[in-house]
Q: 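Handing you a structure now.
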Amino acid sequence: MAWLIGTVVPYGTAAVLLSLFVRGTPLYRFCVGWVRMALWGSRAICGIRSRVQGMENLPDGPVILLVKHQSAWETLALPVMMPHPLSFVFKRELLYVPFFGWALGRLDMVHIDRNKRTEAFGRVEQQGADLLARGNWIIMFPEGTRTARGHQGKYKAGGSKLAVVTGTPVVPIAITSGKCWPRQAFIKRPGVIDVSIGLPISPVGRTPANLMAEVEAWIEAEMRRLDPQAYGASRHAAPKTRAQP
């Protein structure tokens, strides 16, 4: 935590000042420099490493990444892993986090008020389509918030709605970050975080609920394959789908 705070203060300040002159992808690449420093700290200080499979599944064109969310680790790791700039859809409260949130607000992201669902999706649809057209990839966490290791949240269909509206394929991603970086935990554990990237799923001819049900089924089955100890033998069967419209 000391490493994160000690590095984000000068880096976030520099990003805000730089944004007066540079925006878009150049500013994003500059900010990814801090993300690399944060990940280096997690390896060097906490002994957290990663193992990635399925990079060959990523398409060349526009895509919406739908990701299992167990900790802050994936928000740091995925911008480094992915070949295109990422535009996160996130709650607007993050903009008020000193230095980190200030810099985040200068990037091409989509921040929403989760208390105004209709207005929020309108914002996601409008800005998401524009960002996809500019070559950014959209990244969303269907469960909406971090879930504890071995647990499953309610999958909401905001990401699949955007996919259907824009005709953009989705890529499901399973991540076992809770093994090393538990949700809301100060203490981190050394170990290996597995990242599994699924095949693109076309939204053509699909409803948002049906599309999200397939995403949920793949992610949750893959989580149980990657981290069976977290779910236990009694819960190792394929999960029921519960996509929300």
Side-chain angles (χ1 to χ4, degrees), residues 54 57-70 74-75 78-79 81-82 84-94 108-148 151-175 177 195-226 237-245:
N57 293 333
L58 294 171
D60 294 328
V63 74
I64 298 170
L65 305 178
L66 300 177
V67 185
K68 182 71 176 181
H69 195 19
Q70 290 189 333
E74 48 267 19
T75 64
L78 288 171
M81 292 180 190
M82 295 299 150
H84 285 253
L86 300 183
S87 293
F88 283 79
V89 177
F90 63 91
K91 59 183 181 181
R92 67 177 184 178
E93 288 83 358
L94 288 178
D108 292 330
M109 306 288 175
V110 183
H111 51 88
I112 59 174
D113 184 347
R114 293 194 297 191
N115 294 321
K116 301 177 180 178
R117 295 185 62 182
T118 302
E119 179 183 315
F121 180 71
R123 187 181 184 91
V124 171
E125 181 181 349
Q126 181 180 8
Q127 290 187 252
D130 179 61
L131 291 166
L132 287 166
R134 284 194 261 161
N136 286 28
W137 286 1
I138 302 296
I139 177 170
M140 300 178 71
F141 301 111
E143 293 163 291
T145 189
R146 291 168 292 178
T147 58
H151 288 73
Q152 177 179 347
K154 291 184 178 181
Y155 279 64
K156 301 175 180 64
S160 57
K161 282 183 182 179
L162 179 62
V164 170
V165 168
T166 61
T168 305
V170 301
V171 169
I173 300 179
I175 300 180
S177 55
V195 179
S196 181
I197 302 169
L199 290 167
I201 305 173
S202 172
V204 177
R206 309 289 293 273
T207 66
N210 175 263
L211 179 59
M212 185 55 72
E214 183 174 346
V215 168
E216 178 182 8
W218 187 91
I219 289 177
E220 292 301 325
E222 189 70 354
M223 290 298 297
R224 284 155 176 77
R225 184 185 74 83
L226 296 172
K240 296 180 180 179
T241 57
R242 296 175 295 156
Q244 302 296 308

Q: What distance separates His84 NE2 from Leu131 CG, expressed to the nearest 0.5 Å?
A: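 Separation between the atoms: 14.0 Å.
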Q: Let me confirm one number: the CD-OG1 distance from Gln70 to Thr145, rounded to the nearest 0.5 Å.
A: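 So the CD of Gln70 and the OG1 of Thr145 are separated by 12.0 Å.
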Q: Begin with the C-alpha distance, continue with both residues' side-chain angles, and end with the deciding distance and a verdict on side chain to side chain contact (heavy atoms under 4.5 Å, CB included) for His69 and Thr147.
A: CA-CA 6 Å; His69 195 19; Thr147 58; 5.8 Å; no
Q: Can a donor-acceptor pair be found, under 3.5 Å and without considering hydrogens, that links the side chain of Glu214 to the backbone of Asn210?
A: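 Checking the backbone N and O of Asn210 against the side chain of Glu214, no donor-acceptor pair under 3.5 Å is found.
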Q: What pair of heavy atoms forms the shortest contact from Ser160 to Pro208, and how long is it?
A: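 So the minimum-distance heavy-atom pair works out to OG-O, 2.8 Å.
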Q: CG of Leu162 to CG of Leu132: how many Å apart, nearest 0.5 Å?
A: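 Rounded to the nearest 0.5 Å, the CG-CG separation comes to 6.0 Å.
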Q: Looking only at heavy atoms, what is the nearest atom pair of Ser177 and Glu74, with distance?
A: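 Nearest pair, atom of Ser177 first, then Glu74: OG-OE1, 2.6 Å.
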Q: For Gly167 and Pro203, which heavy atoms make the closest approach, and how far apart are they?
A: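 Scanning both residues, the minimum pair turns out to be C-CG, 3.7 Å.
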Q: Could you give me the CA-CA distance, side-chain angles and deciding distance for Asp108 and Arg134, then say whether side chain to side chain contact (heavy atoms under 4.5 Å, CB included) is met?
A: CA-CA 10 Å; Asp108 292 330; Arg134 284 194 261 161; 3.5 Å; yes
Q: Should Ile139 and Val89 be marked as a side chain to side chain contact (heavy atoms under 4.5 Å, CB included) after you check the CA-CA gap, both sets of side-chain angles, and the distance that decides it?
A: CA-CA 7 Å; Ile139 177 170; Val89 177; over 6 Å; no
Q: Can you see which heavy atom on Ala129 is nearest to which on Thr166, and at what distance?
A: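 Heavy atoms only, the tightest pair is CB-CG2, 4.0 Å.
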Q: For the pair Glu125 and Lys161, find out whether any cationic side-chain nitrogen is under 4.0 Å from an anionic carboxylate oxygen.
A: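 Between Lys161 and Glu125 there is no salt bridge, as every charged N stays at least 4.0 Å from the carboxylate O atoms.
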Q: Taking the inter-plane angle between the rings of Phe141 and Phe88 on a 0 to 90° scale, is it parallel (under 30°), tilted (30 to 60°) or perpendicular (over 60°)?
A: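 The rings of Phe141 and Phe88 sit tilted, inter-plane angle from 30° to 60°.
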Q: Whether the side chain of Asn57 engages the backbone of Ile197 through a donor-acceptor N/O pair (distance < 3.5 Å, no angle test) should be reported.
A: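 Checked: pair present.
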Q: Measuring only between side-chain heavy atoms, which start at C-beta, is Leu66 closer than 4.5 Å to Val171?
A: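 Contact flag for Leu66/Val171 side chains = no.
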Q: For Leu65 and Ile173, work out which heavy atoms get closest and say how close.
A: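 That closest heavy-atom pairing would be CD2-CD1, 4.2 Å.
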Q: Are the side chains of Ser196 and Leu226 in touch, meaning some heavy atoms are under 4.5 Å apart?
A: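 Yes, side chains in contact.
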Q: State which residue, out of Glu222, Glu143, Glu216, fulfils the side chain to side chain donor-acceptor pair (under 3.5 Å) condition with Lys68.
A: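 So the option named by the test is Glu143.
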Q: From Arg225 CZ over to Glu220 CD, what is the distance, rounded to the nearest 0.5 angstrom?
A: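 One finds 14.0 Å between CZ of Arg225 and CD of Glu220.
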Q: Please tell me if the side chains of Trp137 and Leu58 come closer than 4.5 Å, counting only heavy atoms from C-beta onward.
A: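 In short, these two side chains touch, coming nearer than 4.5 Å.
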Q: Hey, could you give me the CE/OG1 distance between Met212 and Thr207, rounded to the nearest 0.5 Å?
A: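 So the CE of Met212 and the OG1 of Thr207 are separated by 11.0 Å.
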Q: Could you go step by step and tell me if Leu211 and Val170 meet the side chain to side chain contact (heavy atoms under 4.5 Å, CB included) rule?
A: CA-CA 9 Å; Leu211 179 59; Val170 301; 4.1 Å; yes
Q: How about Lys156 and Pro142: do any of their side-chain heavy atoms sit closer than 4.5 Å?
A: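 Side-chain contact under 4.5 Å: no.
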Q: Do you know which two heavy atoms are closest between Pro85 and Gly135, and how far apart they sit?
A: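 Minimum heavy-atom contact is CD-O, 4.4 Å.
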Q: Donor-acceptor pair, distance only, cut-off 3.5 Å: does the side chain of Ser87 make one with the backbone of Met109?
A: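 No; zero donor-acceptor contacts below 3.5 Å.
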